[in-house]
Amino acid sequence: MELSLSNSSSLRFPQNDFLPRHNRSTLGPFHTFSIKKLASKSISICRPLIWRRPPLVRLNAQTATESNASGDKHGDDDFIVEDVPHLTHFLPDLPSYTNPLKKSQAYAVVKKTFVSPEDMVAKEIIVQKDSPRGIHFRRAGPREKVFFTPEEVRACIVTCGGLCPGINTVIREIVCGLKNMYGVDDVLGIQGGYSGFYSKNTLNLTTKVVNDIHKRGGTFLQTSRGGHDTKKIVDNIQDRGINQVYIIGGDGTQKGAAAIYKEVEKRGIKVAVAGIPKTIDNDIAVIDKSFGFDTAVEEAQRAINAAHVEAESVQNGVGIVKLMGRYSGFIAMLATLGNRDVDCCLIPESPFYLEGPGGLYEYVEQQLKENRHVLIVLAEGAGQEYVAQSMQAFQEKDASGNRLLLDVGLWLTQQIKDHFTNERKMTINMKYIDPTYMIRAIPSNASDNIYCTLLAQSAVHGAMAGFTGFTVGPVNSRHAYIPINRVTETTNTVNMTGRMWARLLASTNQPSFVNHQTLRERVDKNTIDAINNMKINST
Ligand SMILES: Nc1ncnc2c1ncn2[C@@H]1O[C@H](COP(=O)(O)OP(=O)(O)O)[C@@H](O)[C@H]1O
Ligand SMILES: O=P(O)(O)OC[C@H]1O[C@](O)(COP(=O)(O)O)[C@@H](O)[C@@H]1O
Ligand SMILES: [Mg+2]
């Protein structure tokens, strides 16, 4: 297949919205291409795909000519697309069909029913006049051509890992999206996570069966950790004649989905693999936010408010609330920022200390003196090293290999009690609330429901259009198809040198627990990491 530039120098993507197998890189994890190498003539591309475009000349708004009197050019910049695989990469002769949405009464009102093959979503939304165009992902949404007829589709849905508000909404909207937009009737529910693939039982998911599941928390299909066996799963997919696999889960699940996609490609079978990112911790890279997160932050307010009422209603009240967040403190940070009564927020990314000047004890005492109460919000992954030291515990793991956390909430309450009773000879009133599972075992709120619907529909559009090995999610508010590896290679954590954490520090007035030198080193390290990442991305 050839890609060509028209006379006007605009990039022409292949009309069928994908690149064939021989054009994909076997080296890199993604199909990355930028536009510069397409400079003057049609070229066949070979992996890794680095397309560059000629120096971009911005059109002058008044004259609409290619040259710009002020010499205002972008220069030698790249427009990089990290593309997702397509079934035709390994099945080049697959027939395509007109998308039935064209005839849909509901979508007939849409001015532009189908997403253009040229539509891309920019990874970086903040740019400077002369900065490179940077990385882009393919925009999610319905395509003009689909690669499945409704009758041939046999889809399945599986949910893995921990719970999160909204999983049932995603399940519901995949089933309803397949039926109502594409006329697909055959959808199987795999029960109990990846290991459910080895079981004989599946559920037939009809729009009637899933009609009101979004009103319930948890997952209608049940979930599990561990037990992923790629070959056995793909054997089962083949045996059951499944050709679309929708996998809802977090970072571990998405790694499993990538392995399934690779095995499917190796076997050369027509199976589209779509990942829908799920995690209450909001630790999935690239996407703006994971579904259910807002619902969980909202629910956390009830625990924080209760702890506040308890603490301020007594002398020397100390309220402590422990929230989820294994490696990422987003729930604790946002719940604190949204509340305004919290005096101190402790998260895994920000090491803290108890004793001495600038330590937690000093700050708690100061708050007790000034306000007669203090309110602390704690992410479960914070201070794990202290707890491990004091309990001399050894590391245990769950079935998926995730480190099992020690209870930092109980540990901290005990430490504070001991310190004030024994060292400071003060009577304090400790009120500890641990709502851990309560904030995730609830149905999603209205705005998360809408978000879940968009995710599910984007996944359905992508699979029907023949894309595979992708995760769907919003990037700068626009839904995109992201190569699965892209979301599993790093974890999203709170940026300690970013403005949001500074906002939190400004709102609580808590100590930052870092001296200037440490902070400087962290900033330097972040800069070095960023440079190294750029090097990796550009090789
Ligand atoms: N590296 C991996 N390769 C394949 N499967 C994995 C991998 N990591 C985790 N999994 C599987 O993904 C599922 C969910 O993983 P887990 O870490 O428990 O939750 P989450 O996906 O929410 O992070 C489990 O069944 C686990 O076996
Ligand atoms: O359900 P479990 O196994 O007790 O897991 C609890 C953990 O799950 C989490 O909710 C994250 O789960 P995921 O990795 O499945 O997204 C953490 O916040 C928490 O530490
Ligand atoms: Mg996880």
Side-chain angles (χ1 to χ4, degrees), residues 29 158-167 170 190-199 217-219 221-234 245 247-264 273 275-285 287 289-293 295-297 299-300 322-335 347-348 378-382 384 387 395-409 434-442 469 471 484-485 487-494:
V158 63
T159 59
C160 313
L163 292 183
C164 163
I167 299 177
V170 177
I190 307 293
Q191 290 172 291
Y194 278 131
S195 56
F197 275 105
Y198 326 134
S199 138
T219 161
L221 296 175
Q222 298 195 306
T223 184
S224 67
R225 297 194 189 273
H228 177 103
D229 181 331
T230 310
K231 288 209 165 62
K232 266 172 83 177
I233 292 170
V234 179
V245 185
I247 302 175
I248 306 168
D251 54 341
T253 307
Q254 300 302 319
K255 284 177 194 155
I260 292 172
Y261 153 67
K262 280 204 193 98
E263 183 63 23
V264 161
V273 180
I276 296 109
K278 166 248 51 144
T279 169
I280 198 67
D281 291 352
N282 195 35
D283 58 1
I284 296 185
I287 64 168
K289 187 160 54 176
S290 47
F291 71 81
F293 177 76
T295 304
V297 168
E299 187 66 12
K322 186 180 82 172
L323 297 174
M324 277 196 167
R326 195 186 269 141
Y327 304 114
S328 306
F330 287 105
I331 298 178
M333 176 172 78
L334 272 289
I347 60 172
L378 181 67
E380 60 178 346
Q384 285 295 308
V387 197
Q395 286 298 321
E396 282 186 86
K397 295 196 167 167
D398 70 14
S400 294
N402 300 306
R403 185 165 58 114
L404 279 179
L405 299 176
L406 302 164
D407 195 333
V408 67
D434 178 354
T436 309
Y437 291 105
M438 294 182 68
I439 66 166
R440 69 172 203 187
I442 51 172
T471 297
I484 297 182
N485 295 333
V487 295
T488 56
E489 65 180 1
T490 53
T491 302
N492 192 21
T493 55
V494 175

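Values in this document were obtained by computation on a predicted structure and should not be read as measured data. Whatever order the structure lists them in is the order used to number ligands and atoms, beginning at 1. Sequential numbering from 1 along the given sequence is applied to the chain's residues.
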**Complete:** Residues D229 and Y198: closest non-hydrogen pair is N-OH, 2.8 Å

**Message:** List the protein residues in contact with ligand 1, where contact means a heavy-atom separation under 4.0 angstrom.
**Reply:** C160, G161, G162, Y194, R225, G226, G227, H228, G250, D251, G252, T253, K255, G256, K278, S400, N402

**Asked** Considering distance alone, does some N or O of D251 sit under 3.5 Å from an N or O of ligand 2?
**Response** no

**Asked** Can you list the ligand 2 atoms lying under 4.0 Å from a non-hydrogen atom of R440?
**Response** 1 (O), 2 (P), 5 (O), 6 (C), 7 (C), 8 (O), 9 (C), 10 (O)

**Item:** Check against side chain to side chain contact (heavy atoms under 4.5 Å, CB included), Q384 and R403
**Value:** CA-CA 11 Å; Q384 285 295 308; R403 185 165 58 114; 3.8 Å; yes

**Request:** For G250 and ligand 2, answer yes if some heavy atom of the residue is under 4.0 Å from a ligand atom, otherwise no.
**Result:** no

**Reported CE-to-CG distance for the pair M333 and N282, which is rounded to 0.5 angstrom** = 8.5 Å

**Fill in**
One should read off an interatomic distance between I167 CD1 and I248 CD1, to the nearest 0.5 angstrom, of 7.0 Å

**Prompt:** N/O of L405 under 3.5 Å from N/O of ligand 2, yes or no?
**Reply:** no

**Asked** Between the main-chain N or O of T436 and the side-chain N or O of D434, is there a donor-acceptor pair closer than 3.5 Å?
**Response** yes

**Request:** Do me a favour and list the nearest non-hydrogen protein atom to atom 12 (O) of ligand 2 with residue, atom name and distance?
**Result:** R225 NH2, 3.4 Å

**Request:** Looking only at distances, please establish whether an N/O atom of ligand 2 is found under 3.5 Å from an N/O atom of N402.
**Result:** no

**Request:** Considering the heavy atoms of G325, write down every atom of ligand 2 situated less than 4.0 Å from one of them.
**Result:** 18 (O)

**Fill in**
min-distance protein heavy atom vs atom 7 (C) of ligand 2 -> R326 NH2, 3.3 Å

**Request:** Taking all non-hydrogen atoms of both residues into account, name the closest pair between E299 and I439 and its distance.
**Result:** CG-CA, 3.8 Å

**Q254 and its side chain to side chain donor-acceptor pair (under 3.5 Å) partner, picked from T471, T488, T279** = T471

**Item:** Protein N/O/S atoms closer than 2.8 Å to the Mg ion (ligand 3)
**Value:** D251 OD1

**Message:** Keeping T219 on the side-chain end and L221 on the backbone end, is there a donor-acceptor pair under 3.5 Å?
**Reply:** yes

**Asked** At what distance, to the nearest 0.5 angstrom, does OH of Y194 lie from OG1 of T230?
**Response** 8.5 Å

**Request:** With heavy atoms of K278 as the reference, note each atom of ligand 2 found under 4.0 Å away.
**Result:** 13 (P), 15 (O), 16 (O)

**Prompt:** Does G218 offer a backbone N or O that forms a donor-acceptor pair with the side chain of Q222 under 3.5 Å?
**Reply:** no

**Message:** Distance under 4.0 Å to a non-hydrogen atom of M324: what atoms of ligand 2 satisfy this?
**Reply:** 10 (O), 18 (O)

**Request:** Could you list the atoms of ligand 2 found under 4.0 angstrom from a heavy atom of T279?
**Result:** 16 (O)

**Message:** At less than 4.0 angstrom from any non-hydrogen atom of G161, what atoms of ligand 2 do you find?
**Reply:** 15 (O)

